[in-house]
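Here the structure comes first, spelled out in structure tokens, and everything after it is commentary.
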Amino acid sequence: MEAELLEVRRQAIARIEGALTPDELELARSAYLGRSGALKALTGRLGALPPEERRAAGRLANEIKAAILEALAAREEALQRIRGQAARAAADITVPGERRPIGHEHPLRQAEAELREVFARLGFEAVEGPEVELAYYNFEALNIPAEHPSHDSFDTFYIGGDILLRSHTSPVQVRVMEQRKPPIRVVVPGRVFRPDTPDATHSPVFHQIEGLVVGEDVTFGDLKAVLTMAMRELFGPNTQTRFRPSFFPFTEPSAEVDVCCEIGGQQRWLELLGAGMVHPKVFQAVGYDPERYTGFAFGMGIDRVALLKFGIPDIRLLLENDLRFLEQF
Ligand code: PHE
């Protein structure tokens with residue numbers, strides 16, 4: 001009997017100390033102390049024992065009951081303490097989360113993406129070329145003579161010898177034509193560099209998108225149609241364009257194209273791009289037969305498009321990386 005009682009105590013204490021929840025604890029309690037629990041089953045048999053043994057076993061049973069009750073109380077307190085700590089440590093899931101600011105495209109990139117898209121719809125493939133360029137591609141192949149002012153180091157960043165930071169995206173015209181045969185229809189967005197003093201409309205680093213179309217019957221009419229459509233896509237269906245005669249060594253005839261826009265409630269013409277029919281000398285430089293092929297080219301300032309589209313008053317704002325400015329677009 002004594003051994004059985006001690007075994008009940010051992011099992012009961014082990015189960016109580018292993019209880020992880022109040023429910024498990026309650027199950028342990030009733031398994032050992034309950035009406036049909038293990039201890040009751042044993043004490044029910046006390047009456048059958050001889051008086052001496054009965055008294056000793058009865059005392060032991062009472063001690064064991066007290067020990068089990070004590071273990072239950074201790075475990076209950078421990079469980080409550082653990083639950084309190086867990087509750088304090090757990091996050092309050094009702095507090096709104098902290099949002100990480102998700103950036104967005106820079107207004108210049110937005111303007112570039114839109115230009116790529118507009119020209120893609122007109123059948124132009126976008127390609128890119130090097131920002132560090134050989135003087136040959138930037139000047140000679142484009143029929144820009146040595147005495148031309150843009151050749152001068154005041155107007156171009158030379159890196160050394162005949163290597164320079166390209167002053168326009170037109171050298172990529174030559175690179176593309178060297179590698180392909182007509183028909184060609186590409187646009188070339190990219191960064192260009194000129195040692196200009198920064199002001200509201202000038203920056204030593206700015207962006208252009210070059211266009212080049214070469215084929216067998218490409219005319220100035222095609223040039224006008226493509227650019228007029230592109231401007232309407234960019235600035236709205238009622239956008240007016242103006243083609244003014246101009247000069248570039250690599251196009252003949254050449255034009256400057258203005259767009260009529262509303263600026264501060266006033267209608268104003270703004271020069272947006274240079275354009276023209278590809279000069280025969282440029283075709284000769286890349287080994288195309290100028291008697292067979294004709295083409296047109298244009299170069300547009302992406303920064304200017306961004307200024308117009310977003311109503312930004314100063315080109316320098318685009319390169320300052322001030323989030324208070326950039327977040328507005
Ligand atoms: N490259 C010229 C510039 O930067 C623009 C241009 C491109 C003009 C293509 C005609 C044809 O001013």
- Taking the side chain as every heavy atom from C-beta outward, state whether Phe298 and Thr251 have any atom pair closer than 4.5 Å. no

- Item | Glu7 and Gln11: CA distance, side-chain angles, deciding distance, side-chain hydrogen bond (donor to acceptor under 3.5 Å, both in side chains) verdict | CA-CA 6 Å; Glu7 177 59 16; Gln11 286 181 10; 3.0 Å; yes

- Task: Provide the closest heavy-atom pair for Ser150 versus Ile144 in the form atom of the first, atom of the second, distance.
- Result: OG-CG2, 3.8 Å

- Message: Between Leu115 and Val187, is there a side-chain heavy-atom distance shorter than 4.5 Å?
- Response: no

- Message: Any donor-acceptor pair under 3.5 Å linking the side-chain atoms of Ser167 with those of Asn138?
- Response: yes

- Check: Phe157 ring centre within less than 6.0 Å of Phe193 ring centre: no

- Message: Nearest 0.5 Å, please: how far is CD in Glu178 from OH in Tyr288?
- Response: 9.5 Å

- Task: Check whether NZ of the Lys or CZ of the Arg Arg15 lies under 6.0 Å from the centre of the six-membered ring of Tyr32 and within 45 degrees of that ring's axis.
- Result: no

- Task: Give a yes or no on whether the backbone of Tyr158 and the side-chain of Thr156 come within a donor-acceptor separation of less than 3.5 Å.
- Result: no

- Item | Validation row, ring centre Phe283 to ring centre Phe250 under 6.0 Å | no

- Message: Does this structure show an ion pair linking Lys309 with Glu112, if we count only N-O contacts that are shorter than 4.0 Å?
- Response: no

- Donor + acceptor pair across side chains of His168, Gln173 (<3.5 Å): no

- Task: Identify whether the distance between the nearest side-chain nitrogen and carboxylate oxygen of Asp314 and Arg316 falls below 4.0 Å.
- Result: yes

- Mind checking what makes salt bridge (Lys or Arg N to Asp or Glu O under 4.0 Å) contact with Arg75, not counting sequence neighbours? none

- Message: Using 0.5 Å steps for rounding, measure from the CZ atom of Arg232 to the CG atom of Asn238.
- Response: 8.5 Å

- Does the side chain of Leu318 reach to within under 4.5 Å of the side chain of Phe206, using non-hydrogen atoms? no

- Would you call the rings of Phe243 and Phe220 parallel, tilted or perpendicular, where under 30° means parallel and over 60° means perpendicular? perpendicular

- Query: Do Val305 and Leu272 come close enough that some side-chain heavy atom pair is under 4.5 Å?
  - Reply: yes

